[in-house]
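To start, the structure itself, in structure tokens.
As the structure is a prediction and not an experimental result, all values here were calculated from the model.
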Amino acid sequence: MAILPNKYPTELAQQIENLSIAEALALLAAQYPGKVTFSSSFSYEDQVITHEILSNQLPISIFTLDTGRLFPETYAVWVSTNERYHEPVKAYYPDNTLLEPFVAEKGPNAFYGSVQNRKDCCYIRKVEPLKRALAGNAIWVTGLRAEHSAARENLAPVEWDEGNQVIKYHPLLHWTTEQVQEHIRRNNIPYNPLHDRGFVSIGCAPCTRAIKPGEDFRAGRWWWEDSSKKECGLHETVKA
């Protein structure tokens, strides 16, 4: 019988600490059968984890959040991934009863107008669909890396997500960009060509740009906002 998720998953972290990604994911899938899921945005990191799951035929579901504002290149790598592994990635979409009134009232590009508008847009297009995707799961596997944000430097690879009531596992948290790229090359994994054009964190097309030499990793997301506000709500820490 699978153990229930708890708010202090220390024992679980110790069990997977020295395992490879595939071994750790296999252990989680065995302990929480049918309750481990991975969220992919088809980034470098997410493609590495997708490869480990699908090439090893691990019983872990994979989903993506299709906001309706993604880059054409993101959809292209989505197709390439489905074709490479012969396993379709499930998509979750915004609730039209929330999105349609928001766009009707504030316009399709309201997120440029204020931080609150942007957060409301992120909630409708990403946070609410995520909650539906995570419902019923015990483990949420993510592609978060500490390099991408100063706010993530102190994250633990295994943590409790109070807001979504799941354990989060970040298998690539302390990988460098070079390690991710090498894994992509060595295994001939499909990846988003925007990474070759200076895009680091790739989200919705209107809200993402390539970074300039010397800029912080997070500079390419919501560049018109104060850097202290640059989270969409998917990975905000909620205290118990």
Exercise: do T177 and R145 side chains pair donor with acceptor under 3.5 Å: yes
Under 3.5 Å, is there a donor on one side chain and an acceptor on the other for H170 and E159? yes
Would you please say whether a donor-acceptor pair under 3.5 Å links the side chains of S114 and Q116? no
For a 4.5 angstrom cut-off between non-hydrogen side-chain atoms, does I49 reach F38? yes
Verify, without hydrogens or angle tests, whether N187 (side chain) and H183 (backbone) share a donor-acceptor contact under 3.5 angstrom. yes
Please check if the side chain of Y112 supplies one atom and the backbone of P206 the other of a donor-acceptor pair under 3.5 Å. yes
Does any part of the side chain of I167, heavy atoms only, come nearer than 4.5 Å to the side chain of D161, both counted from C-beta? no
Does CD in Q57 sit with more than 12 non-hydrogen atoms of other residues, nucleotides or ligands closer than 6.0 Å? no
Please collect all salt bridge (charged side-chain N to carboxylate O under 4.0 Å, His left out) contacts where either partner lies in residues 79-101, sequence neighbours excluded, each pair once. none
Indicate yes or no for a side-chain donor-acceptor contact from K35 to the backbone of G136 under 3.5 Å, with no hydrogens or angles considered. yes
Side-chain donor/acceptor of Q31 to backbone N/O of L28, under 3.5 Å: no
Atom pairs and distances, side-chain donor-acceptor, residues 74-81, under 3.5 Å, sequence neighbours left out:
unit_1	atom_1	unit_2	atom_2	d
T74	OG1	N192	ND2	3.1
Y75	OH	D66	OD1	2.6
S80	OG	A76	O	3.1
T81	OG1	Q47	NE2	2.8
T81	OG1	V77	O	2.7

Is a side-chain donor or acceptor of N56 paired with a backbone partner of A22 at a separation under 3.5 angstrom? no
Kindly write out the residues that satisfy salt bridge (Lys or Arg N to Asp or Glu O under 4.0 Å) with K106, not counting sequence neighbours, or none if the list is empty. D120
I'd like to check V36 versus L25 (side-chain heavy atoms, cut-off strictly below 4.5 Å). Are they in contact? no
Counting only N and O atoms by type, is there a donor-acceptor contact under 3.5 Å from the side chain of T208 to the main-chain atoms of G203? yes
Taking E162's backbone N and O only, do any of them form a donor-acceptor pair with Q165's side chain (distance below 3.5 Å, no angle check)? yes
Could you check whether S61 and T37, counting side-chain N and O atoms only, form a donor-acceptor pair closer than 3.5 Å? yes
Spell out, as yes or no, whether a donor-acceptor pair under 3.5 Å connects the side chain of R118 to the backbone of F111. no
Quick check: do V158 and I16 have side-chain heavy atoms less than 4.5 Å from each other? yes
